[in-house]
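What follows is a short report on a single structure.
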Amino acid sequence: MKDRYKTQLGRFAAAGQDHVLGFWNQLDDAQRARLLDQLEAVPLELVAELGSQLKDGAAHAAAPELAPPDIFPIARSSQQEAQARQARERGLELLAAGRVGYVLVAGGQGSRLGLDGPKGMFPVGPISGQTLFEIHAARLEAARERWGAPVSWYVMTSPANHAATQAYFAECDHFGLGEENIFLFQQAMLPALDLTGRVLLADPGNLFLAPNGHGGTLEAMASSGALEHAAGRGIEGFSYFQVDNPLVRPADPLFIGLHAEAGAAMSTKVIPKRDAAEKVGVIGLVDGRFGCIEYSDLSPELLEARDEGGALLYRAGNTAVHVIDLDFIRSLTDGGLSLPWHQAKKRIPTVDRAGARVEVDGVKFETFIFDALAASERSVTLEVDRALEFSPVKNAEGSDSPATTRADLCGLFAGWARECGCVLPDADGAGNLPIEVDPRRAEDLDEFRARLCEGLAESGGEAPGHLYR
Ligand code: UTP
């Protein structure tokens, strides 16, 4: 321990950050060992670079030139319909041949939702009470059953929630998907800095660490061996999705097929923005490169800009669902990935020099997966129906909250049941028709009609709800 201490003291002193060891004499052996583990994992060169970016202030480059991307739309011409049919075939072949791996990112902290544990353990099934992890697993099982698509599921956690996620997967018997088909890997954490670039402590024995953003997925896939594991299984590309959206369809033959047919390296599913004010990033071309333009980077004129048809020009709302080629990730990570760092200014609970608890203005640093789009020469932007595919749980209340997600799920399933003339239950206290369809049984109206509609128990509206599974 003495040698480790000396080494870290030397490193951090050379970087002008040795205050992180300022409480060493007050720590017991276990606390000392834990702090050394944390210090050894800090990339001090990067921290210095991020600190100097802070001190210099954001260097404002000239305003970028923006353009909307070509969108493969929901309303298709007959030529696009033919293209979609062919793409679906190709996607199905790739899925059935096991060429597609699934990447779920679940390393975030869910701070807006106010959770302590992994967000994936949050229950959202309106009747079943199924958690986000269970619903995603059910979709993968559904793909395996329907198309014989083997499951290779790569799940990113962070050191803050890895053990809890691992324990939950074990407790759920890996959702029947087979432990050997699930590869959990951890993203890296970075210390938060104060506005002068000083590394912040959470308390005398711990750094204030935060996950390095979903852009950290690419690096973590390479360093954890997930990429080579996938290559060994014959996987050529990944369906990437986020833990918070229970409507996501990771095994979508159309999306996977369009991406492959276009020879794209990274592609994105988008939803039409509800209106100009909706606070969602939009997919577009930034100085001729693909990217996601933050809501806050669009001036009021650009937010309101319309195309000839009168639709919003920048309407391709990012759902954070991507297809990403394995070779693309390899090429990005081979030479050391350099996605741009984004700063999130926060009040950070820390300790002052005397060890007293205080809050200071500080910055967390993250990279974003969509910034990798800039390196993709070709990219498909597929428009999908929000009601069918997108309802993330982000906030504890209000928009994008458990209440809106449950309402969206019930609304979708009730629509199918109504369409098929099923007896509908009474609305529950929240005003939702309590209906839930297990994705293993039906993923869309056609499947619902074909597989579930007949033989439904007539509840006469008395039953608390229908759970179709
Ligand atoms: P969000 O940006 O919504 O963040 O992540 P979050 O951490 O879930 O929630 P807040 O901001 O603390 O309230 C979108 C997706 O990216 C994953 C999240 O787990 C979620 O699936 N993510 C985010 C990571 O895997 N790692 C990160 O460092 C950040």
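All residue numbers in this chain count up from 1 along the given sequence. Order of listing sets the numbers, starting from 1, for every ligand and every atom in it. Hydrogens, waters and symmetry mates are skipped; everything else that's a heavy atom, side chains included, is used. In this text the structure is predicted, and so the values were computed from the model without any measurement.
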For ligand 1, the residues whose heavy atoms come within less than 4.0 Å (ordered by chain, then number): V105, A106, G107, G108, Q109, G110, S111, R112, K119, M156, Q187, P211, G213, H214, Q242, V243, D244, K394
F365: which of V47, L46, L190 passes side chain to side chain contact (heavy atoms under 4.5 Å, CB included): L190
Residues D325 and H259: side-chain donor-acceptor under 3.5 angstrom: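 Result is yes, a qualifying pair exists.
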Pair H229, Y154: side-chain N/O donor-acceptor within cut-off below 3.5 Å: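 Looking only at side-chain atoms, Y154 and H229 do form a donor-acceptor pair, the distance falling under 3.5 Å.
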Option among F169, F238, Y240, F133 that satisfies the ring-ring contact (aromatic ring centres under 6.0 Å, His included) test with W153: F169
Among E145, E141, E134, E447, the one residue meeting salt bridge (charged side-chain N to carboxylate O under 4.0 Å, His left out) with R440: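 Only one option passes, and that is E141.
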Value rounded to 0.5 Å, distance of CG in L285 from CD in E65: 10.5 Å
